[in-house]
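Just below is one structure, and these are the notes that go with it.
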Amino acid sequence: MAREAVKARERKREKLVAKYAAKRAELKANEDWAGLDKLPRNSSKVRLHNRCKLTGRPKGYMRKFGISRVTFREMASAGLIPGVTKASW
């Protein structure tokens, strides 16, 4: 489980990216590179990192479900994810 501070930092970055998205797009369209440099670094969406929505784990992230592989396995075994069944052969 990730520390709460790390998860809070990631949420803060997501808010900053959303706040500056329109301004950043406008500056890019006008090719105002000096104006882009003046924006906060964390307002760029490349600074975001995919994390499990439940535990905050950064590794083994499954984009389709938004959770880590460990959480996915536990939830699938418990039958909490609709349409997912454990394979057995």
Step by step, would you call Lys53 with Lys7 a side chain to side chain contact (heavy atoms under 4.5 Å, CB included)?
CA-CA 9 Å; Lys53 301 296 180 212; Lys7 292 192 278 184; over 6 Å; no
| task | Taking the side chain as every heavy atom from C-beta outward, state whether Lys23 and Lys28 have any atom pair closer than 4.5 Å. | result | no
| request: Could you tell me whether the side chain of Arg13 reaches within less than 4.5 Å of the side chain of Glu10, counting heavy atoms only? | output: yes
Are side-chain heavy atoms of Ser68 and Thr55 found at a separation under 4.5 Å? yes
message: Can you tell me if Arg47 has over 12 outside heavy atoms packed within less than 6.0 Å of its CZ?
response: yes
Rounding to 0.5 Å, atoms CD1 (Ile81) and CZ (Phe72) come to a distance of 4.5 Å
(Q) Please tell me whether Met62 and Leu54 are part of a single hydrophobic cluster in this structure, the criterion being side-chain heavy atoms less than 4.5 Å apart. (A) yes
Discussion item. Do Leu80 and Glu74 make a side-chain contact, defined as non-hydrogen atoms from C-beta onward lying under 4.5 Å apart?
Written reply: no
**OP:** Would you kindly confirm whether Leu27 and Tyr20 end up in one hydrophobic cluster when ILVMFWY residues are joined by side chain heavy atoms under 4.5 Å apart?
**Re:** yes
- Side chains of Arg57 and Thr71 in contact at under 4.5 Å (non-hydrogen atoms): no
For Tyr61 and Pro58, the nearest pair of non-hydrogen atoms, with its separation, is CB-O, 4.4 Å
Would you say Val84 and Met75 are hydrophobically clustered, going by side-chain heavy atoms of ILVMFWY under 4.5 Å? yes
Note to self: Just by distance, no angles: are the side chains of Ser43 and Arg24 close enough, under 3.5 Å, to form a donor-acceptor pair?
What the structure shows: yes
Any side-chain heavy-atom pair from Pro40 and Leu16 closer than 4.5 angstrom? yes
**N/O donor-acceptor pair under 3.5 Å between Glu14 side chain and Leu48 backbone** = no
